[in-house]
Every structure is written in C-alpha cells, then in structure tokens.
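Notes follow once the structure below has been shown.
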Amino acid sequence: MNRLGCVADDFTGATDLGADLAATGRRAVPGIGPPEWIPADTDAVVVALLETTGAAWAVAYAELRP
C-alpha cells in the first residue's frame with residue numbers, strides 16, 4: 001500500500017480523517033504542520049493547518065511534496 005498524504009483545515013478535521021483511515025486498517029499519523037519524522041509503518045500522514053486561506057494550502061503543498 002502506498003503512503004497517503006492528507007491536509008485538513010484544522011486539528012479536529014485531521015483527527016476525524018485519521019480515525020476514518022484507521023477504521024479502514026491504515027496506520028495514520030495526525031499532526032499540526034509537516035511532520036519532522038514519520039514512522040516506517042505509517043500508511044497515512046494527516047497534516048492540520050490552523051487556517052483555511054489559499055496561502056496556507058500552497059505552503060502545505062510545497063512542504064509536503066516529495
């Protein structure tokens with residue numbers, strides 16, 4: 001299974017999405033901002049933003065791109 005990267009607009013959305021992913025059997029790691037370290041057995045990373053402006057989405061995309 002490939003790793004999945006997700007962006008949520010706040011921490012509540014990130015934890016909700018992480019719980020939904022976990023319910024499907026994926027190991028999800030939620031966090032605020034891009035993680036500094038991702039465990040090897042992680043299937044999904046869910047990043048919470050603290051705002052919903054277009055600029056915040058652009059920054060998150062730039063930082064999470066492989």
Side-chain angles (χ1 to χ4, degrees):
M1 187 180 307
N2 292 328
R3 280 192 177 164
L4 178 64
C6 307
V7 178
D9 64 344
D10 59 18
F11 194 69
T12 303
T15 55
D16 288 348
L17 180 54
D20 289 345
L21 290 167
T24 67
R26 291 182 174 92
R27 291 166 294 242
V29 176
I32 298 175
E36 293 182 21
W37 177 73
I38 302 170
D41 64 346
T42 300
D43 297 315
V45 176
V46 184
V47 175
L49 301 179
L50 299 179
E51 57 181 289
T52 57
T53 66
W57 287 94
V59 169
Y61 177 78
E63 291 182 5
L64 293 174
R65 264 180 64 194

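- Formation of a donor-acceptor pair under 3.5 Å by the R26 side chain with backbone atoms of A44 is not found in this model.
- Other residues sharing the hydrophobic cluster of V46, ordered by chain and number and joined by side-chain separations under 4.5 Å: L4, L17, L21.
- Listed by chain and residue number, R3, P35, T42, V45 satisfy the side chain to side chain contact (heavy atoms under 4.5 Å, CB included) test with I38 (two or more places apart in sequence, or in another chain).
- Counting side-chain heavy-atom gaps under 4.5 Å among Ile, Leu, Val, Met, Phe, Trp and Tyr, V29 is found in no cluster with other residues.
- At distances below 3.5 Å, at least one donor-acceptor pair connects side-chain atoms of D43 with backbone N or O atoms of R27.
- Between A14 and A8, the shortest heavy-atom contact is N-CB, 3.4 Å.
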